[in-house]
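See below for the structure under consideration.
Side chains included, hydrogens not; waters and symmetry mates left out as well; all remaining heavy atoms used. Please read these numbers as outputs of a predicted model, since none were measured by experiment.
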Amino acid sequence: MSGTSPLRAWWARHPPAAGAAVMATGIVSVGLYLEGYEVLSLVFLAVACAAWLALAAQFLVRLVRQPQRWMSEAATPAALTAVAATAVLGTRFSALGWQTLAAALLASAAVLWAVLLTVAVRHRRRRMPGSVFLGTVATEALAVLAATLAKAESAAWLAHAALVLFWLGLVLYGFALARFDLRQVVEGAGDQWIACGALAISALAGARLIAADGPDLYLWNDDADGVLRTMTGALLVLDLAWYAVLLVAEIVRPRPGYDVRRWATVFPMGMTAAATSAVASTMDVPWLDVPGEVLLWIAVAAWLAAAVGTLTAAREAVRGTPPTPPRAGP
């Protein structure tokens with residue numbers, strides 16, 4: 001890589017799992033918006049957009065110049081972070097009223113999802129790390145954005161498509177759980193938290209589906225609405241249970257040091273906060289407001305820690321200190 005600056009060389013080594021940084025930043029922006037911190041939310045959105053553009057450029061460069069590497073990376077579940085990151089940004093843009101841009105991001109994410117999920121499923125194996133749950137995360141991210149747009153645009157067909165994606169994501173979670181290596185709970189480098197995040201984004205999708213219904217867009221009868229509410233509540237409870245288990249595991253078995261997969265820890269933390277706030281509002285459970293805000297600031301603290309780790313690694317690259325290559329995981 002002669003003639004390439006140390007910083008560019010460091011950036012070029014980043015694996016697809018780096019997309020979790022956009023996911024994490026985007027969902028923290030959504031969580032801050034839900035709690036009413038509009039200005040801070042927009043700051044996080046700007047950072048997420050910059051990171052998304054940088055990773056999208058890297059994605060295209062590898063596709064054109066390194067097709068073999070692109071195919072190899074596309075075969076890993078971590079590649080699905082591109083789908084989730086794009087959909088999360090679309091959800092935040094929809095909240096800003098930019099529905100055309102949100103719809104364009106939904107279409108782009110859906111195309112990526114169809115390609116990358118098919119490739120990832122073909123390469124599944126037993127005893128996989130937490131990235132195995134990214135199939136659910138990507139699918140539910142599409143459901144969240146589709147349901148959000150359905151409400152904004154009064155589009156019943158989008159809501160029904162989101163409902164299909166919602167249930168498909170839960171099916172994929174079952175398959176992923178069967179292949180998840182439970183030893184990762186105490187040994188994982190960060191992406192074990194996606195087991196929690198996949199349930200959190202499913203709960204958020206359920207909340208958005210419930211919110212999409214209304215007098216102008218009659219979608220669900222009483223029975224269907226009841227099932228959605230029950231499932232959404234159950235998903236949030238399971239998410240919080242996973243959160244507690246993983247947090248205890250982190251305390252019992254600390255894993256210090258920077259790893260790009262730590263962004264996959266921040267995302268579930270932010271998503272759990274957003275899901276808790278959304279369920280509190282949609283299902284009229286006001287006592288969840290306080291836990292939702294507490295979880296949000298925990299996610300912000302985790303984001304800052306991951307950002308410091310990333311900036312430190314970049315600084316070492318600029319200074320010419322051989323940085324520890326970001327690990328992509330097994």
(message) Restricting to side chain to side chain contact (heavy atoms under 4.5 Å, CB included), what partner residues turn up for Ala46, sequence neighbours left out?
(response) none
(request) Could you list the residues that satisfy side-chain hydrogen bond (donor to acceptor under 3.5 Å, both in side chains) with Thr276, not counting sequence neighbours? (result) none
(request) Test Leu116 against every option in Thr81, Leu80, Leu134 by the side-chain contact (heavy atoms from CB on, under 4.5 Å) rule and name the one that passes. (result) Leu80
(message) With heavy-atom distances below 4.5 Å as the criterion, would you say the side chains of Thr139 and Trp113 are in contact?
(response) yes
(request) Just jot down the salt bridge (Lys or Arg N to Asp or Glu O under 4.0 Å) partners of Arg127, sequence neighbours excluded, or say none. (result) none
(request) Give the cluster check for Leu53 versus Leu45: same hydrophobic cluster or not, with ILVMFWY residues linked at side-chain heavy-atom distances below 4.5 Å. (result) yes
(request) Give the minimum heavy-atom separation between Leu236 and Ala203, together with the two atoms involved. (result) N-CB, 4.0 Å
(request) Consider only side-chain heavy atoms of I, L, V, M, F, W and Y, link residues closer than 4.5 Å, and tell whether Leu199 and Val227 are in one cluster. (result) yes
(request) Decide whether Leu304 and Leu296 are clustered together by the hydrophobic rule: side chain heavy atoms of Ile, Leu, Val, Met, Phe, Trp, Tyr closer than 4.5 Å, transitively. (result) yes
(request) Heavy atoms only: give me the nearest Gly206-Thr232 pair and the separation to one decimal. (result) CA-OG1, 3.3 Å
(request) May I ask you to test the Leu170-Met231 pair for a side-chain heavy-atom distance under 4.5 Å? (result) yes
(message) To the nearest 0.5 Å, what is the distance between CD1 on Ile194 and CD1 on Ile201?
(response) 11.0 Å
Side chains of residues 98-109: which donor-acceptor partners sit under 3.5 Å, not counting sequence neighbours?
{"residue": "Gln99", "atom": "OE1", "partner": "Ser94", "partner atom": "OG", "Å": "2.8"}
{"residue": "Gln99", "atom": "NE2", "partner": "Ser94", "partner atom": "O", "Å": "2.9"}
{"residue": "Ser108", "atom": "OG", "partner": "Ala104", "partner atom": "O", "Å": "3.0"}

(request) Give me the one residue out of Thr148, Leu149, Leu163 that meets side-chain contact (heavy atoms from CB on, under 4.5 Å) with Leu158. (result) Leu149
(message) Using the rule given for side-chain contact (heavy atoms from CB on, under 4.5 Å), can you reason through Leu117 versus Leu172, listing the C-alpha separation, both sets of side-chain angles and the distance that settles it, and then say yes or no?
(response) CA-CA 11 Å; Leu117 183 63; Leu172 290 173; 4.2 Å; yes
(message) Quick check: is Ile27 connected to Val39 through a chain of hydrophobic side chains (ILVMFWY, heavy atoms under 4.5 Å apart)?
(response) no
(message) The criterion is ring-ring contact (aromatic ring centres under 6.0 Å, His included); which residues satisfy it with Tyr37, sequence neighbours excluded?
(response) Trp297
(request) Sequence neighbours left out, what passes salt bridge (Lys or Arg N to Asp or Glu O under 4.0 Å) with Glu38? Give chain and number order. (result) Arg92
(message) Just so I know, are the side chains of Phe133 and Leu177 near enough to count as touching, which here means a heavy-atom distance under 4.5 Å?
(response) yes
(request) List in chain and number order the residues that pass salt bridge (Lys or Arg N to Asp or Glu O under 4.0 Å) with Glu35, two or more places apart in sequence or in another chain; answer none if no residue qualifies. (result) none
(request) Compare every heavy atom of Ser41 with every heavy atom of Leu32, then report the nearest pair and how far apart it is. (result) CB-CB, 3.8 Å
(message) With rounding to the nearest 0.5 angstrom, report the CG to NE2 distance, Leu165 to His160.
(response) 13.5 Å
(request) Just jot down the side chain to side chain contact (heavy atoms under 4.5 Å, CB included) partners of Val285, sequence neighbours excluded, or say none. (result) Met283, Trp287, Leu288
(message) Could you check whether any side-chain heavy atom of Arg208 comes within less than 4.5 Å of a side-chain heavy atom of Thr91, counting everything from C-beta outward?
(response) yes
(message) Working to the nearest 0.5 angstrom, can you tell me the gap between Thr25 OG1 and Trp52 CH2?
(response) 14.5 Å
(message) Looking at every non-hydrogen atom in both residues, tell me the closest pair between Thr265 and Gly190 and how far apart they are.
(response) OG1-O, 2.9 Å
(request) Would you list the pairs meeting salt bridge (Lys or Arg N to Asp or Glu O under 4.0 Å) in which at least one residue belongs to residues 242-251, sequence neighbours left out? (result) Glu250-Arg255, Glu250-Arg262
(request) With the side chain counted from C-beta on, respond yes when Leu42 and Leu96 share a heavy-atom pair under 4.5 Å apart, and no when they do not. (result) yes
(message) Please determine whether residues Val279 and Val290 belong to a single hydrophobic cluster, defined as Ile, Leu, Val, Met, Phe, Trp and Tyr linked transitively by side-chain heavy-atom distances below 4.5 Å.
(response) yes
(request) Using the side-chain contact (heavy atoms from CB on, under 4.5 Å) rule, take Met271 and Val137 through it: C-alpha gap first, then chi angles, then the decisive distance, then the call. (result) CA-CA 10 Å; Met271 184 57 74; Val137 171; over 6 Å; no
(message) If the condition is salt bridge (Lys or Arg N to Asp or Glu O under 4.0 Å), which residues does Arg253 pass it with, not counting sequence neighbours?
(response) none
With a 3.5 Å cut-off and sequence neighbours excluded, list the donor-acceptor pairs that the side chains of residues 237-247 form with protein atoms.
{"residue": "Asp239", "atom": "OD1", "partner": "Thr272", "partner atom": "OG1", "Å": "3.1"}
{"residue": "Asp239", "atom": "OD2", "partner": "Thr272", "partner atom": "OG1", "Å": "3.2"}
{"residue": "Trp242", "atom": "NE1", "partner": "Tyr173", "partner atom": "OH", "Å": "3.1"}

(request) Please report the shortest heavy-atom distance between Gly169 and Thr136, naming the atom on each side. (result) O-OG1, 2.9 Å
(request) Measure the shortest side-chain to side-chain distance between Met128 and Phe180 over non-hydrogen atoms and say whether it is less than 4.5 angstrom. (result) no
(request) Could you tell me which residues satisfy ring-ring contact (aromatic ring centres under 6.0 Å, His included) with Trp167, sequence neighbours excluded, listed by chain and number? (result) none
(message) Show the nearest heavy-atom pair for residues Gly292 and Ala273, with the distance to one decimal.
(response) O-CB, 3.8 Å
(message) Rounded to the nearest 0.5 Å, what separates atom CG in Leu204 from atom CD in Glu140?
(response) 9.5 Å
(message) A side-chain contact here means heavy atoms from C-beta on lying under 4.5 Å apart; do Phe93 and Leu145 qualify?
(response) no
